[in-house]
Number of protein chains: 2
Amino acid sequence: MGTRIDEVSGPGRVAGPDEGISAEELALAARNHGLPLEALRYDVTPAGLHYVLVHYDIPYADGEGWELTVSGRVRQPLTLDMERLRAYPPVTVRVTMECAGNGRARLTPRPVSQPWLVEAVGTAEWTGVPLRTLLAEAGVEADAVEAVFTGADHGVERGVEQDYQRALPVGAALGEDPPVLVAYAMNGAPLPPQHGCPVRLVVPGWYGMAHVKWLRDIRLVDAPFEGFQHTVAYRFRSDPDDPGTPVTRMAPRALLVPPGFPDFMSRARVVRPGPVELTGRAWSGYGPVTGVEVSEDDGRHWRTAELGPGGPHPWAWRPWSARWEATPGSYVLSVRASDAAGHSQPVEQPWNRGGFGNNLVQRVPVVCLDE
Amino acid sequence: MGTRIDEVSGPGRVAGPDEGISAEELALAARNHGLPLEALRYDVTPAGLHYVLVHYDIPYADGEGWELTVSGRVRQPLTLDMERLRAYPPVTVRVTMECAGNGRARLTPRPVSQPWLVEAVGTAEWTGVPLRTLLAEAGVEADAVEAVFTGADHGVERGVEQDYQRALPVGAALGEDPPVLVAYAMNGAPLPPQHGCPVRLVVPGWYGMAHVKWLRDIRLVDAPFEGFQHTVAYRFRSDPDDPGTPVTRMAPRALLVPPGFPDFMSRARVVRPGPVELTGRAWSGYGPVTGVEVSEDDGRHWRTAELGPGGPHPWAWRPWSARWEATPGSYVLSVRASDAAGHSQPVEQPWNRGGFGNNLVQRVPVVCLDE
C-alpha cells in the first residue's frame, strides 16, 4: 500500500453553509497578508505592507548564482545572470497589483482557499528589463504562440506536484500595453524574498497570479499552455465541471482609508462629530478609472467623490477624496469605482467557484460618538 | 439615546465549542502576519518576513517632526528629535521577538483575538540608544518605580479608548540584562512603518507587547502603572474574575523549517525517501536554550538534536539540526526546547483565558512518498 500525494492534497471545495474559517484557511491567512488599509495613504506601498500571496514556500535565494533562461521557440536561447540582467537599460513602472482571490472570504458559499477580505492589494515601483527587450534578443520564432514563465517555487496543489508556472500569449509578452517587465527591484531596492528575489515577472493591469516570482525560465511554445494554473486554477467557473474562462485583468475596485480609529477586535471605526475627509484609492486593469462614488448608508445612496490626478502612472491606483460631515450615529461607508472600459463594482455579490475577480464594494462600519 | 463606543467594542470572550474562526478574527489575520516558517532559515529575518501585530492603525509617520519626550519623575525632562537620538553612540542588538499570543488559535477553547498558530516570531538586528543612557541623562528621581512608554497608535479595546501604553519597572528600564533599547533602525535600515517608524522600544527576552512601537513618550511614575495593557490585557488568567499574573518573558520554544515541499491548501509537507536534514531555531526569554529534541511520531518518542553555537547574540534564537532518514509513510514532526532556567515546552496543552505564553510543541504533518 503506497503513500500517495493525495493523502495531503485534496480537491478544491466550497465551505458548508455554517462552516467557519477552517484551520487550513487560517494557516494560509497567518503566513500571507494583505495591505493594512490605513496604508492606502501611501502613493507607493512600502514593501513590507504590500500584499503577499505565496503558493508554496518562499525559495531561499539571493542573486548569487541565479540564472534566468529564455528557451524553446527562439532563434538564440539566452542564459542571463543577475549581472547581465542589470546591464540592460533599466525601466521603472509603478504598478497596482491585486490578488485574483481578493474578496473571496466574503462570498457565500465561501470557496476554500486563501481567505482574503478586501485587502489583497499594493502599489510598487518595479525596476527591470522590458520582457520584449529579452525576447527581441532571443528572436521569437514565427510559430510561437505563448511564453511560459516558470518560478523556482515548488509544491503540490489538488494532487498535482508542480513548479509554479503561468503563460502569456506572445502578443501580450511582446507588447507595450501593458509593458511586461522582468523586474529585479521593488521601490528602489532588490526584491524582498517574498516578492520574488532575485527576479520576477510584472504584468501591469493583470491580477497577481500572472506576475511569476522567483523567475528562472521563459519558454516560448508553439501550442497553448495547459498547466495547472491555467486549466485547473484561475478560471471563472460556476461549477466544477464548467471549463470556465481565464482570469486575466483586474476588475475595477476602490478602497477607502478607514477613518477615525479602530476597535482592536472588530476593526469597526470610531469618529467624533464634525467634518471627516474620506480618502482612498481606485484602480482597474481595463483602463483608467473614470469615476468614484461614496456611500454612508451601506450603499442605498451614492454621491460622487473627487478623483485625484491620473498623473504619469497609468498602471497605478488613483487617489480619490470626499468630505463627510459626521453626526452621531452608526454608519456603513462604501466606495465604488468605474473605469473607461465600462466596468464598475457590483453592490450585490457575484459568485464563482474559485472566488476570483470579486470586486463587491467594501463595507466599513463606523460609529460617530456623541462628542 | 447616545452613540457609545461599546457599540463597536465588546468584552473579551472565548469561542464556543464548535465555533470556527470568526470574521473578526479573520480580519486581524488578514492584516497581521506571521513568519512564513521556511524563513526560519535566515539568521536574521528580512524585515518583511518578521511577524507583525498592530493593535490599532499603523501611524502615518516618518521621522520628520517626530519628538520623543522623557518626562515625569526625572530631574531634567528631555525632548529628543530623530537627529538628536541618532547622535548618541549607536548600539545594535540581535533580538528574537515573539507575540505573547503565539499559539492562541490552537487552544481549546479558543480565546478570541489575533488567531496565531505558531508563526508569530522573528529575529532582527535593532539599532538605537540604550534606554539607560537616556534615563541617566534625564536623571531618574528616587521615588520613581516604573517607566511608562506611550506609542502614537490610538484605538479602543474592550470599550476603553487609549493610546497603546506599556510600563517597565525602573530596575528593568535601567538595567543591562536585558539591554532595553530605544531603536530607530531594523536590520540596518530605518524602521518600516509596521515595526514602529520612526522609533520603538526593544526589550530583549520579553514578548512583543513590551516593545512599544511609534514611541513618543517615556514617563517615570511613582506608583505602579495600571493601564489597560497591564491590568486588563496581557495577564495569565484562568477566568474573567481572576486578577491573574503579568505576561513578561518568552517561554522557550523551538520551531522547525518544514522539510520538503508543501501542499498549497493543507500546508502539509511532502518528502521523498532518504536522508532529510531537519533544521530550525530555538529560543527562550529566561536564559540560554540548553536542549532541543525532535520527534517524528507526534511526540511519542524524542531524540536529541544538535544545538548550533550560541555565539555573540544571547537574545537571539539558536539554530539546531537533526538528521532524519525518511521512509515511505505518514509522520508528524515535532520539536521542543528547554532552557537554562529549567523551563521546557509542554506536549499537553496548557490554557489561559487570554491565550498568552503558549508554547505547546509545533506539529508538522509530513508524507514521505514511495519514491
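Model, not experiment: these values are computed from the prediction. Residue numbering restarts at 1 for every chain, and letters A, B, ... go by the order of the sequence lines.
Neither the backbone nor the side chain of A/Leu35 comes within less than 4.5 Å of any heavy atom of chain B. Using a 4.5 Å cut-off between heavy atoms, B/Asp153 makes no contact with chain A at all. Heavy-atom distances place the side chain of A/Glu119, and not its backbone, under 4.5 Å from chain B. Using a 4.5 Å cut-off between heavy atoms, A/Pro46 touches chain B through its side chain atoms alone. If you measure heavy-atom distances from A/Ala30 to chain B, the contacts under 4.5 Å come from both the backbone and the side chain. Interface remark: A/Leu117 contributes side-chain atoms only to the contact with chain B (heavy atom separation under 4.5 Å). Using a 4.5 Å cut-off between heavy atoms, A/Val112 contacts chain B through both its backbone and its side chain. Using a 4.5 Å cut-off between heavy atoms, B/Tyr51 makes no contact with chain A at all. Of the two parts of A/Arg106, neither the backbone nor the side chain holds a non-hydrogen atom closer than 4.5 Å to a non-hydrogen atom of chain B. When heavy atoms are compared at a cutoff of 4.5 Å, A/Arg41 approaches chain B by way of both its backbone and its side chain.
Contact tally against chain B (heavy-atom pairs below 4.5 Å) for A/Ala47, A/Pro115, A/Ser330: the top residue is A/Pro115. Considering only heavy-atom pairs separated by less than 4.5 Å from chain A, the leading option among B/Arg158, B/Glu157, B/His195 is B/Glu157. Ranked by heavy-atom pairs under 4.5 Å with chain A, the list B/Glu19, B/Glu371, B/Arg269 is led by B/Arg269. Contact count versus chain A (heavy atoms, under 4.5 Å) is highest, among B/Pro193, B/Ala268, B/Pro192, for B/Pro193. Of the listed residues (A/Ala29, A/Pro365, A/Gly159), the one with the most heavy-atom contacts under 4.5 Å to chain B is A/Ala29. Most heavy-atom pairs under 4.5 Å with chain A, from the set B/Ala120, B/Ser113, B/Pro328: that is B/Ser113. Between chain B and the options A/Leu28, A/Val270, A/Val52, heavy-atom pairs under 4.5 Å are most frequent for A/Leu28. For chain B, the option among A/Val367, A/Val366, A/Ile58 with the highest count of heavy-atom pairs below 4.5 Å is A/Ile58. When each of A/Pro36, A/Gly10, A/Gly12 is scored by its heavy-atom pairs under 4.5 Å with chain B, the top score falls to A/Pro36.
Smallest separation of non-hydrogen atoms from B/Phe261 and A/Gly155: CD1-CA, 3.7 Å. Across all non-hydrogen atoms, the minimal contact from B/Ser9 to A/Asp263 is OG-OD1, 2.6 Å. Residues A/Asp57 and B/Arg267 share a closest heavy-atom pair of OD1-NH2, 4.0 Å. A/Ser266 and B/Val8 get closest at one heavy-atom pair: OG-O, 2.8 Å. Between B/Pro59 and A/Tyr42, the shortest heavy-atom contact is O-OH, 4.5 Å.
Contact check on A/Arg272 versus B/Glu161 returns a salt bridge, with a Lys/Arg side-chain nitrogen under 4.0 Å from an Asp/Glu carboxylate oxygen. Between A/Glu38 and B/Arg31, at least one side-chain N (NZ, or NE/NH1/NH2) sits under 4.0 Å from a carboxylate O, which counts as a salt bridge.
Enclosure of atom CZ in B/Arg363 is not indicated, since only 12 or fewer non-hydrogen atoms of other residues, nucleotides or ligands lie within 6.0 angstrom. Atom CD of B/Glu325 sits in a crowded spot, with more than 12 heavy atoms from other residues, nucleotides or ligands closer than 6.0 Å.
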Stepwise side chain to side chain contact (heavy atoms under 4.5 Å, CB included) check, B/His33 with A/Asn32: CA-CA 7 Å; B/His33 68 87; A/Asn32 297 306; over 6 Å; no
